[in-house]
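A short write-up of the structure that comes next.
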Amino acid sequence: MLDIRRIRQDPDTVARLLAKKHVDVDLDVVQRLDAKKREITLNIERLKAQRNQASEEVSRRKKRHEDVADLIAETRAVGEKIKELEVSLEPIDQELRDFLLTVPNTPLPQVPEGESADDNVEIHRFGDIPVFSFPAKPHWELGEMLEIIDFERARKISGSRFSLLRGMGASLSRALINFMLDHAKERGYQEVAPPYLVNETSMFGTGQFPKFVDDAFHVVPHDYYLIPTAEVPLTNLFRDEIISTPLPLKFTAYTASFRAEAGAAGRDTRGLIRQHQFDKVELVRFEEPANSEQAAEELLRDAESILEELELPYRTVILCGGDMGFTQALTYDIEVWMPSYGKYVEISSVSNMTDFQARRASIRYRPSGIKKTELVHTLNGSALAVGRTIAAILENYQRASGHVQIPSALRPYLNGQEEI
RNA sequence: GGAGGGGUAGCGUAAUUGGUAACGCAGUGGUCUUGAAAACCACCGCCUUAUGGCUUGCAGGUUCGAGUCCUGUCCCCUCCGCCA
């Protein structure tokens, strides 16, 4: 959520920044509702002050056993007027809040102009694209040949966009998760094992709701939602709290993630790239506002270095305004080379949300030397999406025999095994 | 799921028949001190330029006035049942 005061004071700048994201928001509506709300609120508070004084006067007179009938009658009229104004305020306030919840975060200055993924700007590249002396196979074929991924039976058990790992496939997944968690812990992130089911308030807090309701799996009779990313429970850790320990706070979690993939029909239907359920190790940071830009760079390195240790070729892009998400002020995508696609495919997304989520979720801290509380900045990034990492390893490390070499960084997690 | 008990400031506790939320500890700043402790003063829940308004889990209702009375709801604890 954006600060209403910011919209009130400098609507032109906010409008210009939102235009960079290629979203059309009518800020006049916000300003009109805000002005109306403030006018009515002021009147209500004046009348309440009057009523409070009158009530105290009633109390005083009663103690002196004086007659208070007139005063009570008079004050009742004030109460009715307050009630009337409150009733008129309610729909305005509701409309204003609903509207603000649909206004996206504004991009930071370094975000490039652009409309779509084609306009993203590459900033970093690592590793050489592999050249195969044999016909390279896509990971779904390799996975089935090696009997480590079973798409058919997953479809039978659940449906499309589900997969099932067996034998060394399952072991490889577990090895990656442990490797990624250890990597994060070495870099100062505390490991968390959060719930996979969260309430609606948490989904609003991180910005999934109200806009992306259709992307979530809703557990109907109990009104829980399956987490689309560990970002949701991790960022909501401190919802409605004033953080009393020194910032930054850094957390990591391995969780499954669940996405309905509404609107993705027909895209990436083969393989592990786009699933309803996938494993991911996530990093989340709570930062002082002044440090969040530097924290974003650190977080990016925290994620990139995993691919470097796995010796997988990747590139990093900074998303242009038009390709950015709703809650983000800055996003880097890390894309791993996927031979079957013949291009780089997103394997991590690292974002600075500035105070956007913190305002929604009311996550604050006390800056040293200042009495007032302030909103923190939240950041998160995948480190990494496990399914896509498995796909990248199978494809980039495949041999002519159809076997797959295990990256040396992972071998300690697989009893030294060198090949699948 | 059932029964009972309970949610008041970070923690622990108050609040006559309904009369407008108090105290202690912890914490922050200041005075004092070579420094610290102690003592004293202020702050110590939120909004507001201010006046003032709001705040007793949450949402309503009754009332001039609700921590207190009424309705709904969430959460916690204990016991029972079920359960990996």
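First the proteins, then the strands, lettered A, B, ... as listed; each starts at 1.
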Closest contact, heavy atoms only, A:Leu247 versus A:Phe286:
CD2-O, 3.8 Å
Side-chain contact, heavy-atom cut-off 4.5 Å: A:Ser351 with A:Leu379?
no
Taking the side chain as every heavy atom from C-beta outward, state whether A:Arg259 and A:Thr229 have any atom pair closer than 4.5 Å.
yes
Can you work out whether A:Glu57 or A:Ala49 has the more 5'-proximal nearest nucleotide on RNA chain B?
A:Glu57
Would a line drawn from the ring center of A:Tyr365 to the ring center of A:Phe238 be shorter than 6.0 Å?
no
Near-ring test A:Phe356/A:Phe326, centroid separation under 6.0 angstrom
yes
Euclidean distance for [atom1], [N] against [M] (whole angstrom):
| N | M | atom1 | value |
| --- | --- | --- | --- |
| B:G10 | B:U28 | P | 16 Å |
| B:G19 | B:G65 | P | 14 Å |
| B:C11 | B:U68 | C1' | 24 Å |
| B:U56 | B:U13 | C1' | 14 Å |
| B:U73 | B:A3 | P | 13 Å |
| B:U62 | B:G27 | C1' | 41 Å |
| B:A26 | B:C77 | P | 29 Å |
| B:C25 | B:C40 | P | 10 Å |

Once you round it to whole Å, what is the distance between [atom2] of [N] and [atom1] of [X]?
| X | N | atom1 | atom2 | answer |
| --- | --- | --- | --- | --- |
| A:Glu45 | B:U51 | CD | C1' | 10 Å |
| A:Leu42 | B:C47 | CG | P | 18 Å |
| A:Asp240 | B:G45 | CG | P | 17 Å |
| A:Ile243 | B:G10 | CD1 | P | 15 Å |
| A:Arg61 | B:U20 | CZ | P | 17 Å |
| A:Asn52 | B:U20 | CG | C1' | 8 Å |
| A:Ile4 | B:U48 | CD1 | P | 13 Å |
| A:Glu39 | B:G53 | CD | C1' | 17 Å |

Partner nucleotide of [N] by Watson-Crick or wobble geometry (both distances under 3.5 Å):
| N | result |
| --- | --- |
| B:G24 | B:C11 |
| B:U16 | none |
| B:C40 | B:G30 |
| B:A50 | none |
| B:U78 | B:A3 |

For A:Val232, is there any backbone N or O sitting under 3.5 Å from a side-chain donor or acceptor partner on A:Asn236?
yes
Going through the distances and angles, do A:Phe151 and A:Phe162 end up as a ring-ring contact (aromatic ring centres under 6.0 Å, His included)?
CA-CA 7 Å; A:Phe151 293 102; A:Phe162 286 91; over 10 Å; no
Does atom CD of A:Gln53 have more than 12 heavy-atom neighbours, drawn from other residues, nucleotides or ligands, at distances under 6.0 Å?
no
Quick tally for nucleotides 57-76 of chain B: nucleotides whose base has a protein heavy atom under 4.0 Å get B, sugar-phosphate-only ones S, the rest -, giving ----S--BS-----------
Applying a 4.0 Å non-hydrogen cut-off, can you work out what A:Arg38 is touching in the nucleic acid: base, sugar-phosphate, or nothing?
nothing
